[in-house]
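My structure is below; once you've seen it, I'll send some questions.
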Amino acid sequence: MKINPKEALQQLSTQDSPFLNLFVHGTLSVEIYKPEKVDLQQPHSRDEVYVVISGSGEFLNNGARTTFSPGDFLFVPAGVEHRFENFTDDFATWVLFYGPEGGENNP
């Protein structure tokens, strides 16, 4: 299985949504995400990984702010407030959801 970022972004451009689910296997779900101007996402019910495809900006994760650029790996536990801010127009990222509802380390 191979998913090319250029082809994934082309598929996304035909949708009226900033994200597109591209692959599901067991608990793994892979999406491409490209918000326009503002990231409006809310906390998710499963653990999540981002791998930045293009662009740069700032990432707010549970109150901690960091910068990001292509190739960066960002982890967000289930239920944690997070969002991308001050990102460039070319920003796009892979999104990988996995594990059970509530996250893997949920008591």
**Request:** Look at the side chain of Ser69 and the backbone N and O of Ser56, then say whether any donor-acceptor pair between them is shorter than 3.5 Å.
**Result:**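 Not a single qualifying donor-acceptor pair exists.
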**Request:** Quick one: do Thr66 and Asn61 satisfy side-chain contact (heavy atoms from CB on, under 4.5 Å)? Show the steps, please.
**Result:** CA-CA 8 Å; Thr66 188; Asn61 185 353; over 6 Å; no
**Item:** Lys34 NZ to Leu9 CG distance, which is reported to the nearest 0.5 Å
**Value:**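 Lys34 NZ to Leu9 CG: 7.0 Å, rounded to 0.5 Å.
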**Request:** Taking the side chain as every heavy atom from C-beta outward, state whether Tyr33 and Gln41 have any pair of such atoms under 4.5 Å apart.
**Result:**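 The answer is yes, as the side chains (C-beta and beyond) meet within the 4.5 Å cut-off.
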**Request:** Working to the nearest 0.5 Å, report the span between CG of Leu74 and NE2 of His82.
**Result:**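 Leu74 atom CG to His82 atom NE2 measures 9.5 Å (nearest 0.5 Å).
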**Asked** Could Arg83 and Glu81 be called an ion pair, given the rule that one side-chain N must be under 4.0 Å from one carboxylate O?
**Response**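 Salt bridge flag = yes for Glu81 with Arg83.
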**Residue pair Phe23 / Ile3, side-chain heavy-atom distance below 4.5 Å** =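 Answer yes - side chains close enough.
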**Message:** Are Val52 and Val76 connected into the same hydrophobic cluster when the rule is that any two of I, L, V, M, F, W, Y join if their side-chain heavy atoms are below 4.5 Å apart?
**Reply:**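 Same cluster.
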**Message:** According to a hydrophobic-cluster definition based on side-chain heavy atoms being under 4.5 Å apart (Ile, Leu, Val, Met, Phe, Trp, Tyr only), do Leu96 and Phe19 belong together?
**Reply:**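 No, separate clusters.
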**Request:** Start with the C-alpha distance between Met1 and His25, add both sets of side-chain angles, then the distance that settles side-chain contact (heavy atoms from CB on, under 4.5 Å), and finish with yes or no.
**Result:** CA-CA 11 Å; Met1 172 66 180; His25 180 80; over 6 Å; no
**Request:** List the steps, then state whether side-chain contact (heavy atoms from CB on, under 4.5 Å) holds for Gln11 with Ile32.
**Result:** CA-CA 10 Å; Gln11 288 180 32; Ile32 191 159; over 6 Å; no
**Message:** Is there a path of hydrophobic side-chain contacts, each under 4.5 Å between heavy atoms, that joins Leu28 and Phe75?
**Reply:**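 Yes, one cluster joins them.
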**Asked** Any side-chain donor paired with an acceptor under 3.5 Å for Asn21 and Ser29?
**Response**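 A pair is found: one side chain offers a donor N or O, the other an acceptor, under 3.5 Å apart.
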**Message:** Looking at Glu85, is its backbone amide N or carbonyl O close enough to the side chain of Arg65 to form a donor-acceptor pair, meaning the two atoms are under 3.5 Å apart?
**Reply:**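 No.
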**Prompt:** Does the side chain of Trp94 come within less than 4.5 Å of Val49's, by heavy atoms?
**Reply:**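 Result no, sub-4.5 Å side-chain heavy-atom pair not found.
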**Asked** After noting the C-alpha distance and the side-chain angles of Lys37 and Asp89, does the key distance pass the side-chain contact (heavy atoms from CB on, under 4.5 Å) rule?
**Response** CA-CA 7 Å; Lys37 308 281 184 217; Asp89 289 343; 3.8 Å; yes
**Expected output: side-chain Thr93 to main-chain Val51 donor-acceptor under 3.5 Å** =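 Such a contact is found between Thr93 side chain and Val51 backbone.
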**Item:** Which atom of Pro35 lies closest to which atom of Pro18, heavy atoms considered
**Value:**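 For Pro35 versus Pro18, the nearest heavy atoms are CA-CB, 3.9 Å.
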**Prompt:** Between CG of Asp47 and OH of Tyr98, what distance do you get to the nearest 0.5 Å?
**Reply:**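 Asp47 CG to Tyr98 OH: 4.0 Å, rounded to 0.5 Å.
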**Asked** To the nearest 0.5 Å, what is the distance between CZ (Phe68) and CG (Asn86)?
**Response**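 Phe68 atom CZ to Asn86 atom CG measures 9.0 Å (nearest 0.5 Å).
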**Item:** Straight-line distance of Leu22 CG to Asn4 CG, nearest 0.5 Å
**Value:**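 Output value for this atom pair is 11.0 Å.
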**Request:** Please state whether the rings of Phe87 and Phe91 are parallel, tilted or perpendicular, taking 30° and 60° as the class boundaries.
**Result:**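 Judged by the thresholds at 30° and 60°, the geometry between Phe87 and Phe91 is tilted.
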**Prompt:** Any idea which heavy atoms bring Pro70 and Gly55 closest together, and the distance?
**Reply:**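 So the two residues come closest at CD-O, 3.1 Å.
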**Request:** Report the residues that fulfil ring-ring contact (aromatic ring centres under 6.0 Å, His included) with Phe59, sequence neighbours left out, ordered by chain and then residue number.
**Result:**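 Only Tyr50, Phe84 meet the ring-ring contact (aromatic ring centres under 6.0 Å, His included) criterion with Phe59.
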